[in-house]
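Because the structure is predicted, anything quoted here is derived from the model rather than measured.
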Amino acid sequence: MSIANKARVLLIGSGSVGTIAAHALEAGRKAAVSIVCRSNYDVVKREGFSIDSIEHGRDITNFRPTEILKTIPDVRKENLQPYDYLVVTTKNIPDLPPPSIHDLVAPAVTPSVTSILLLQNGLNIEKPFQNAFPRNPILSGVSLIGSRQLSPGKVLHTGRDKAFVGVFPSSSPQPKPPIQKSELQARRFVDLYNASGRVRWEYDADVLSTRWRKLVYNASFNSIAAILQMDTGRMRMSHFIIKDLIRPAMLEIMAIARAAGAVLEEDVHEMFIRIDDADKAYLPSMGQDVMRGNLIELETIVGEPVREAERLGVPAPTLRVLYSLLRGIQLKTKEAKGLWEAKFDDDNPYR
């Protein structure tokens, strides 16, 4: 298929998830991918990506999608053909100083044309995009892939690439694209991604429940990993960490989810408690971020569920404590990065 007949995909984020997504889409030959790199741009531009993948090949070197970009393009100013899809795979950290991610990608979005797929963690991440781009389909991608970036441009992919793609529900009073169009675009992207025959993504008509389901794991194990710097195997070996922290946090997420209308299996928490190999020292991503001195996705993974609990009147004492501890960790990281100055605000009652 010639490039002219392929779907144009702009992918924001060239970490492990974004890199595997770019390779899968290009391998299917139905999409032409332009990937925006940041800190790894120079290495990738010079050497391409190196991938060790359980599904795509163990020794992939010099992989280059259709285009490698250093900055997000401005479609109008650069007189570019509109992108069919904009896929965001970056970490979701809304408590960073502006500009926000939806402001950054705005020049690449063509109203009523570009479908925006948020392949990110957390809850309520779609709302800023729905407000900023009311005429564009906003799609949800819940990824269950096991992968990590070993060094700039080098990715290890060890767990099957599985994801659920659907349409974010919208309660916005603003005019929005017909739900049929959004569903069609979600199904089309799944077809583009599965075209290589090596992976199996699924269209998900109830993607909100799927997001809540993933939060059962992320809001508990990720939070405790960040706070204690402990892998999931040792958490289970300790027994009391599961009993006093992990299971209560999971049950609170499930209660909030059901109050919000999500459908979850009765025993989903027991499955997630045992989902990681007990004999492997797996440290969830939030724990890895703290270890490396990176900012964490605390607001979308823990903060938003806590706020939903308050809105719905659901008790969430464990999550509230975890959220406060994670905010303290985030503040220390921000200070180390020069994003927060240790001083009293004028309205601080503890000065």
Residues T300, N92; criterion side chain to side chain donor-acceptor pair (under 3.5 Å); working and verdict: CA-CA 7 Å; T300 57; N92 201 329; 4.9 Å; no
Nearest heavy-atom neighbours spanning [X] and [Y]:
{"X": "S220", "Y": "V216", "answer": "OG-O, 2.7 Å"}
{"X": "L245", "Y": "T318", "answer": "O-CG2, 3.9 Å"}
{"X": "S147", "Y": "H157", "answer": "CB-CA, 4.0 Å"}
{"X": "A108", "Y": "Y83", "answer": "O-CD1, 3.8 Å"}
{"X": "R327", "Y": "L298", "answer": "CG-CD1, 3.4 Å"}
{"X": "K30", "Y": "A195", "answer": "CD-CB, 3.8 Å"}

Side-chain heavy-atom pair [X], [Y] within 4.5 angstrom cut-off:
{"X": "T90", "Y": "R38", "value": "yes"}
{"X": "P169", "Y": "L208", "value": "yes"}
{"X": "S140", "Y": "E126", "value": "no"}
{"X": "I273", "Y": "E270", "value": "yes"}
{"X": "L295", "Y": "K337", "value": "yes"}
{"X": "R188", "Y": "D84", "value": "yes"}
{"X": "P305", "Y": "L215", "value": "yes"}
{"X": "N222", "Y": "N121", "value": "no"}

Can we say [X] and [Y] salt-bridge, meaning some charged N sits less than 4.0 Å from an Asp/Glu carboxylate O?
{"X": "E310", "Y": "R320", "result": "yes"}
{"X": "R311", "Y": "E304", "result": "no"}
{"X": "K154", "Y": "D52", "result": "no"}
{"X": "R236", "Y": "D276", "result": "no"}

Taking a hydrophobic cluster as the set of Ile, Leu, Val, Met, Phe, Trp and Tyr residues connected by side-chain heavy atoms closer than 4.5 Å, whether directly or through intermediates, do [X] and [Y] fall within one such cluster?
{"X": "M271", "Y": "I241", "value": "yes"}
{"X": "L326", "Y": "M250", "value": "yes"}
{"X": "F189", "Y": "V105", "value": "no"}
{"X": "L119", "Y": "Y217", "value": "no"}
{"X": "I329", "Y": "M230", "value": "yes"}

Do side-chain atoms of [X] reach the backbone of [Y] as a donor and acceptor pair under 3.5 angstrom?
{"X": "E297", "Y": "K91", "value": "no"}
{"X": "T89", "Y": "G13", "value": "yes"}
{"X": "E299", "Y": "P94", "value": "no"}
{"X": "S238", "Y": "M235", "value": "yes"}
{"X": "R200", "Y": "N194", "value": "no"}
{"X": "E183", "Y": "V167", "value": "no"}
{"X": "R64", "Y": "K45", "value": "yes"}
{"X": "K6", "Y": "V33", "value": "no"}
{"X": "D289", "Y": "N294", "value": "no"}
{"X": "D345", "Y": "N348", "value": "no"}

Got a second to check how far [X]'s [atom1] is from [Y]'s [atom2], nearest 0.5 Å?
{"X": "L123", "Y": "K214", "atom1": "CG", "atom2": "NZ", "answer": "13.0 Å"}
{"X": "R213", "Y": "F164", "atom1": "CZ", "atom2": "CZ", "answer": "7.5 Å"}
{"X": "Q81", "Y": "R8", "atom1": "CD", "atom2": "CZ", "answer": "5.0 Å"}
{"X": "T232", "Y": "R274", "atom1": "OG1", "atom2": "CZ", "answer": "13.0 Å"}
{"X": "I301", "Y": "I296", "atom1": "CD1", "atom2": "CD1", "answer": "8.5 Å"}
{"X": "M286", "Y": "Q330", "atom1": "CE", "atom2": "CD", "answer": "8.5 Å"}

Crowding at NZ, K70 (>12 non-hydrogen neighbours, <6.0 Å):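 No, because the 6.0 Å sphere around NZ of K70 holds 12 heavy atoms or fewer from other groups.
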Pair K334-D95, side-chain contact (heavy atoms from CB on, under 4.5 Å): steps then yes or no: CA-CA 10 Å; K334 286 181 177 179; D95 50 316; 3.2 Å; yes
Flag for S112-R135: side-chain donor and acceptor within less than 3.5 Å: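 Yes, because at least one side-chain N or O of R135 sits under 3.5 Å from a partner of the opposite role on S112.
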Polar contact flag, side-chain donor to acceptor under 3.5 angstrom, N40-S14: yes
Check against salt bridge (Lys or Arg N to Asp or Glu O under 4.0 Å), K280 and D231: CA-CA 9 Å; K280 293 181 180 178; D231 63 77; over 6 Å; no
Chi angles and distances behind the side-chain contact (heavy atoms from CB on, under 4.5 Å) call for F221, I242: CA-CA 9 Å; F221 273 119; I242 300 296; 4.0 Å; yes
Stepwise side-chain contact (heavy atoms from CB on, under 4.5 Å) check, L118 with V88: CA-CA 5 Å; L118 304 181; V88 182; 4.0 Å; yes
Working for side-chain contact (heavy atoms from CB on, under 4.5 Å), residues I51 and H56: CA-CA 8 Å; I51 302 172; H56 299 286; 5.6 Å; no
Name of the residue among F168, F129, Y85 meeting side-chain contact (heavy atoms from CB on, under 4.5 Å) with L139: Y85
Geometric class of the Y193/W201 ring pair [parallel <30°, tilted 30-60°, perpendicular >60°]: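 Parallel, since the angle between the ring planes stays under 30°.
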